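What follows is one structure encoded as structure tokens, with my remarks underneath.
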Amino acid sequence: MQKIKSVTEAEVAGKRVLVRVDFNVPLKDGAVANDLRIRTVLPTLDYLHAAGAATVIILTSLGRPEGKVVESLRLAPVEARLRELTTVPFEMRENLRFDPREEANDLGLAQELASLGDVYVNEAFADSHRAHASIAGVPKLLPSYAGLRFMEEVTKLTAALTPPAGSVAVIGGAKFETKVPLIQKLLSLYAEVLLGGALANDVIKARGLPFGGSLVSATPVPPAIAADERLVVPTDAVFAEIGSNAERSGSVVDIRKNESLIDIGPQTAALWSGKISTAPFVLWNGPLGMYEQGYAEGTEALARALTQSTGTAVVGGGDTAAAVEKYKFDPQKVFVSTGGGAMLQFLADGTLPGIEALRASAV
Ligand code: ADP
Ligand code: 3PG
Ligand code: MG
């Protein structure tokens, strides 16, 4: 299989370089609320500048404007944040998704974008599950390379597909049906898959246990998955009373009809923290509870355990990265992926449309 080429293999001196990034970041009151995705591209910008690139032109999408101009999704605050973080000169084009041709992977748009540069760099791992014009189209037209962070994402997530014996995967969040292929695959690779978040509700239901008024997905869990004993669900949980929001914790099987399961309980948090602090490798995607509504204790307990773990870990997912933001992980040991959907799709399929586009590129 043809390998993707790193930007370090590109001839950029005197060239106009198009850098596709994923600055799809949360905004609050007209400013960037979380700049992880911006900070991660700085080494590539420094590299291009030091290597003598004539111009650096940054391309990104933000949000889902669906092919028209949406004032609140203009890139001005994102550009301002990047200018605070770097002294490298750059130009930034307006939100790619204001143009309907971006998501349609239109060749005309790809040609327009390609005409702006001599070399293309994909530094948008988190958007590379989208076969859009700036991801899948432009590499057909220009010599194309992967950015430094993109290479690191691929390396770290590839390693997560060959974990050492005794490794543990933790999968939380919601939308079980979108994560089934991944869970199936992880069960074949990991010693245990710890399932939290709303995903656990689906398995609890599939195992014939009471689930009260908990959020469950409409698609039933395949019986072979539900029956796998290495798929571990919480034994105790935090319950919220529907309507009143009164909360209590208790054994999962004691959930009442008018309650929903909203976080893993303290015993489960302690048990799982122990498992992940001794596992040689941990893969974690998805918060274990409704963290943005204040039910963050399970998620935070696991994040704390990771800061003390002896092994290494890969953590990812848009919500997960936000939920563990305040924990200062040792970057040598814990890699926080910028990918949400892209991380899940890479783990499930072992590749992404943006990776295939680089492989098939002109160089
Ligand atoms: P990520 O973005 O990290 O991949 P997801 O988007 O799949 O994660 O899931 C995050 C969402 O899951 C959050 O909005 C969170 O509130 C929700 N969630 C977590 N646990 C539960 C639960 N027990 N019941 C309902 N929703 C939950
Ligand atoms: C993400 O946040 O996962 C990427 O920026 C892709 O966003 P999308 O789901 O709107 O394509
Ligand atoms: Mg999410």
Side-chain angles (χ1 to χ4, degrees), residues 20-27 34 36-38 40 60-67 70 73 78 95-97 102-103 105 123-132 134-135 153 170-180 182-183 195-205 211-217 233-234 237-240 242 247 249 252 255 259-265 268 283-299 302-303 314-325 336-348 352-354:
R20 173 58 157 99
V21 298
D22 184 15
F23 287 173
N24 181 27
V25 294
L27 298 175
N34 182 302
L36 173 74
R37 285 180 171 175
I38 303 179
T40 54
T60 185
S61 60
L62 171 64
R64 294 180 172 176
E66 299 189 335
V70 173
L73 294 176
V78 174
N95 193 342
L96 290 166
R97 289 190 187 174
E102 164 65 356
E103 292 185 57
N105 193 9
E123 188 58 305
F125 178 83
D127 221 4
S128 289
H129 56 321
R130 307 294 183 211
H132 296 168
S134 65
I135 298 280
E153 292 271 1
V170 184
I171 304 293
K175 290 173 276 178
F176 193 85
E177 62 281 11
T178 67
K179 297 187 183 174
V180 164
L182 175 64
I183 290 169
L195 208 58
L199 297 186
N201 302 339
D202 290 283
V203 172
I204 288 168
K205 179 184 171 196
F211 58 98
S214 301
L215 177 72
V216 287
S217 99
V233 295
V238 179
F239 305 119
I242 295 161
E247 66 169 278
S249 55
V252 163
I255 191 168
E259 288 177 332
S260 56
L261 195 162
I262 48 167
D263 196 1
I264 63 171
T268 303
L283 172 69
W284 178 12
N285 177 286
L288 301 180
M290 298 172 75
Y291 76 97
E292 69 276 54
Q293 296 182 34
Y295 303 104
E297 276 173 45
T299 302
L302 251 65
V314 169
V315 179
D319 287 277
T320 317
V324 302
E325 172 86 89
V336 180
S337 174
T338 55
M343 173 183 174
L344 293 174
Q345 191 171 325
F346 182 87
L347 291 171
L352 295 174

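Atoms within each ligand, like the ligands themselves, are counted from 1 in listed order. Everything numeric in this text was worked out from a predicted model, so none of it was measured.
- By the 4.5 Å heavy-atom criterion applied to side chains, Val314 and Met343 are counted as neighbours.
- Side-chain contact between Val252 and Val233: absent, with no pair of heavy atoms (C-beta onward) separated by less than 4.5 Å.
- Residues Thr338 and Asp22 are not in side-chain contact: their nearest non-hydrogen atoms beyond the backbone lie 4.5 Å or more apart.
- Judged by distance alone, the side chains of Ser61 and Asp127 do bring a donor and an acceptor atom under 3.5 Å apart.
- Panel detail: the Mg ion (ligand 3) has protein N, O or S atoms under 2.8 Å away, 1 in number.
- Listed for the Lys205 side chain is no donor-acceptor partner under 3.5 Å among the backbone atoms of Ser217.
- Side chains of Asn34 and Val25 form no contact here, defined as non-hydrogen atoms less than 4.5 Å apart.
- Using modelled atom types, one side-chain atom of Thr60 and one backbone atom of Val21 make a donor-acceptor pair closer than 3.5 Å.
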Measure from every N or O atom of ligand 1 to the protein's N or O atoms and keep only the pairs below 3.5 Å, writing each with atom names and distance to 0.1 Å.
| from | atom 1 | to | atom 2 | distance (Å) |
| --- | --- | --- | --- | --- |
| ligand 1 | 2 (O) | Gly318 | N | 3.4 |
| ligand 1 | 2 (O) | Asp319 | N | 3.0 |
| ligand 1 | 2 (O) | Asp319 | OD2 | 2.7 |
| ligand 1 | 3 (O) | Asp319 | N | 3.3 |
| ligand 1 | 3 (O) | Thr320 | N | 2.9 |
| ligand 1 | 3 (O) | Thr320 | OG1 | 2.5 |
| ligand 1 | 6 (O) | Asp319 | OD2 | 3.1 |
| ligand 1 | 7 (O) | Ala174 | N | 3.3 |
| ligand 1 | 7 (O) | Lys179 | NZ | 2.7 |
| ligand 1 | 9 (O) | Ala174 | N | 3.3 |
| ligand 1 | 14 (O) | Glu292 | OE2 | 2.5 |
| ligand 1 | 16 (O) | Glu292 | OE1 | 2.7 |
| ligand 1 | 16 (O) | Glu292 | OE2 | 3.3 |
| ligand 1 | 20 (N) | Ala198 | N | 3.4 |
| ligand 1 | 23 (N) | Leu261 | O | 3.0 |

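- Annotation: side chain to side chain donor-acceptor pair (under 3.5 Å) contacts of Ser128 (sequence neighbours excluded): Asn122.
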Short N or O contacts of ligand 2 with protein, under 3.5 Å, listed by atom name?
| from | atom 1 | to | atom 2 | distance (Å) |
| --- | --- | --- | --- | --- |
| ligand 2 | 2 (O) | Asn24 | ND2 | 3.2 |
| ligand 2 | 2 (O) | Arg37 | NH1 | 3.0 |
| ligand 2 | 2 (O) | Arg37 | NH2 | 3.2 |
| ligand 2 | 5 (O) | Asp22 | OD1 | 3.4 |
| ligand 2 | 5 (O) | Asp22 | OD2 | 2.7 |
| ligand 2 | 5 (O) | Asn24 | ND2 | 2.8 |
| ligand 2 | 5 (O) | Arg37 | NH1 | 3.3 |
| ligand 2 | 9 (O) | Arg64 | NH2 | 2.5 |
| ligand 2 | 9 (O) | Arg130 | NH2 | 2.8 |
| ligand 2 | 10 (O) | Arg64 | NE | 2.7 |
| ligand 2 | 10 (O) | Arg64 | NH2 | 3.4 |
| ligand 2 | 10 (O) | Arg97 | NH1 | 3.0 |
| ligand 2 | 11 (O) | Arg97 | NH2 | 2.9 |
| ligand 2 | 11 (O) | Arg130 | NE | 2.6 |
| ligand 2 | 11 (O) | Arg130 | NH2 | 3.4 |

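- A salt bridge is defined here as a Lys NZ or Arg NE, NH1 or NH2 lying under 4.0 Å from an Asp or Glu carboxylate O, and Arg20 with Glu102 meets this definition.
- With Asp263 contributing its side chain and Gly298 its backbone, the two residues share a donor-acceptor pair below 3.5 Å.
- Between the side chain of Ser214 and the backbone N or O of Leu261 there is at least one donor-acceptor pair closer than 3.5 Å.
- Between Leu182 and Asn285 there is no side-chain heavy-atom pair separated by less than 4.5 Å.
- Between Leu199 and Ile183, some side-chain heavy-atom pair lies under the 4.5 Å cut-off.
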